[in-house]
Amino acid sequence: MTQAELRLCSLLLQEHFGEIVEKVGNSLLRTGPRPLRLLVGDTGLLPDQVKKALCVLIQHNLVRYEVQPRGSVEYEARSERILRILRYPRYIYTAKTLYGDPGELLVEELLLHGHLSMSCAVARVADRLTETMEDGKTVDYSEVSGTFVRLADTHFIQRCPMVPESPRSAKAPPPPAPALAIAEKDMYIVPRLSLVGKGKRRHSCDEEEEGEHKAKRQKQEGGSSETPQDDGIYWQVNLERFHQHFRDQALVSAVASRMDQTSSEVVRTMLRMSEVTTASGACHTQPLSSNEIFRSLPAGYNIGKQVLDQYLALLADDPLEFVGKSGDSGGGTYTVSILWGELGVTRGPGASRAPPSPFRHPSLIPLLPHRFGSRCARIFRLLLRKKHLEQKQVEDFAMIPAKEAKDMLYRMLSENLVSLQEIPKTPDHAPSRTFYLYTVNVMAAARMLLHRCYKSVANLMERRQHEMRENKRLLEKSQRVEAILASMQATGAEAAQLHEVEEMITGPERQQLETLKRNVNKIDASENQVDETIFVLESFIESTMKRP
């Protein structure tokens, strides 16, 4: 794990869970799997604090545990899962785009709590939706539970592993830690619940306190509410399914830019038909017949069967091989190549396979003009196209003076963007009888850029925290004024009184708040943009490593 990843993980844990959880998580990230005793000694925290921090991290799937042969339990941080916290806004926005406000809030609640039961999640979301509605309208539980079922059917949420029910003798001691497991066929089965009710609005502070005292009194008297029907069945967000959706969207956009909108809609239909049946790490989708694709096309696309066959033939014959033909039954069976490192650019005998142009060198070329200038970008494109070139050939092909070309090649060589390969004519490797060829190691360049992206996000987060600290007093004053205004509006205060309270924040302070809000929004947008680049690079590296 690089220092940039460690720094970013620590910042994410501190921002979302606080200093104690960050200290425990940081210790696990630095040292690897450790038992509780060593964790307490390393962090300097109380054992109870470390236990609670581990509970939080396990609840959010950020730490896994394993029982060792001697009976001790070791805890291990999941760095790749911690880095996914950065992508939470994108998951929530995608759920809103696909399933509306109920889908957005369901995914948000599951990400916020790590995992929840269906009944609890539905009740929370119904209450939140009711709060936003006017004229005393409420949201029915059935509406939210319907969205929950659709999220499970499309695998965007899944069941958490459970303790398997197995007969155990009374004399046998319990294991040091439970072994959780779940069958793949049960991961997306929604329990049949009769959720009847409507969302509730928040009461005033006095009513809330009275309700809390009443609940405590019932608990002390033993009159607690009945157990939910789905007690013990918890759900979590399936991040891999969201990543599959992002990848599918990127493939559709690549086809649209390469060919036309109708071709992209054909590929979108094929991906939608096999989105649930295709495994996340598969090289291609399940085979689909031409007749099946024709029946599943959107109603707005009035294209005939012959035209569809022509489009499928064009996609299959394209050098980038977005679509492959796998058989002739049912009018021909086709698959979509979804492993980015598997998509080919040439088909000739002995030709090497490489990802297509949209993913072949992701985000590398746009970086070069900003860091090294347009001439370096020209040399880089030339090396990508020609594979191997001597320095004199680079000068001639790129039409750049020898001194400048040499300086630019060495600069990119020092940044690990290009590499130098020696090909000796004789066994003694004499420099005068050796070819020195420049080439691009795309994997090394992608890893370098990914490392820089992690550093950029960490810098952005630290900058946002600095901005918030510098304006802490003003933010607290603004929150107090907003709370006073809200309470006065609830009691029906006059406009003059409200205006008087608003004047508590002066003109310069209001301007400073606007500047702060604008800066924080820019930083948030920058984080999301960098995370999109991180997703492309991680997907490219992962798929290239999977390539046989």
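Being a predicted model, the structure only gives us computed values, none of them experimental.
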* To do: Let me know which of Leu8, Val536, Ile534 forms a side chain to side chain contact (heavy atoms under 4.5 Å, CB included) with Cys453.
  => Ile534
* To do: For a side chain to side chain contact (heavy atoms under 4.5 Å, CB included) with Ser274, tell me which candidate from Thr285, Asp248, Val336 qualifies.
  =>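 That would be Thr285; it is the only one of Thr285, Asp248, Val336 passing the side chain to side chain contact (heavy atoms under 4.5 Å, CB included) with Ser274.
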Whether the side chain of [X] engages the backbone of [Y] through a donor-acceptor N/O pair (distance < 3.5 Å, no angle test) should be reported.
X	Y	result
Arg84	Glu80	yes
Tyr65	Pro178	yes
Glu476	Arg473	no
Ser257	Ala254	yes

What's the separation between atom [atom1] in [X] and atom [atom2] in [Y], rounded to the nearest 0.5 Å?
X	Y	atom1	atom2	value
Asp407	Met412	CG	CE	10.0 Å
Asp42	Arg34	CG	CZ	4.5 Å
Leu251	Ser337	CG	OG	9.0 Å

* Asked: When you look at Gln512 and Thr515, which way does the side chain to side chain donor-acceptor pair (under 3.5 Å) test go after all the steps?
  -> CA-CA 5 Å; Gln512 190 176 348; Thr515 304; over 6 Å; no
* **Test side chain to side chain donor-acceptor pair (under 3.5 Å) applied to Glu108 and Arg128, His113, Arg124, the passing residue** =>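 With Glu108 as partner, Arg128, His113, Arg124 yield a single side chain to side chain donor-acceptor pair (under 3.5 Å), made by Arg128.
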* Asked: Relative to Tyr188, does Arg241 satisfy both conditions: NZ or CZ under 6.0 angstrom from the six-membered ring centre, and within 45 degrees of the ring's axis?
  ->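 Not satisfied by the 6.0 Å and 45° rule.
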* **Summary of ring-ring contact (aromatic ring centres under 6.0 Å, His included) pairs that have at least one residue in residues 25-52, sequence neighbours excluded** => none
* Asked: How far apart are the C-alpha atoms of Gln236 and Leu110, what are their side-chain angles, what is the distance that settles it, and do they pass the side chain to side chain contact (heavy atoms under 4.5 Å, CB included) test?
  -> CA-CA 6 Å; Gln236 63 186 355; Leu110 289 172; 6.0 Å; no
* What do the steps show when you test Arg159 against Asn238 for side chain to side chain donor-acceptor pair (under 3.5 Å), and what is the final call? -> CA-CA 9 Å; Arg159 281 193 187 188; Asn238 184 5; over 6 Å; no
* Classify the ring geometry between Tyr91 and Phe242 as parallel (under 30°), tilted (30 to 60°) or perpendicular (over 60°). => tilted
* Hey, what's the ring geometry for Tyr410 with Tyr438, parallel, tilted or perpendicular (30° and 60° as the breaks)? ->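 The rings of Tyr410 and Tyr438 sit tilted, inter-plane angle from 30° to 60°.
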* Determine, step by step, whether Ile189 and Asp186 satisfy the side chain to side chain contact (heavy atoms under 4.5 Å, CB included) criterion, reporting the C-alpha distance in whole Å, the side-chain angles of both residues, the deciding distance to 0.1 Å, and the verdict. => CA-CA 5 Å; Ile189 297 177; Asp186 299 330; 3.5 Å; yes
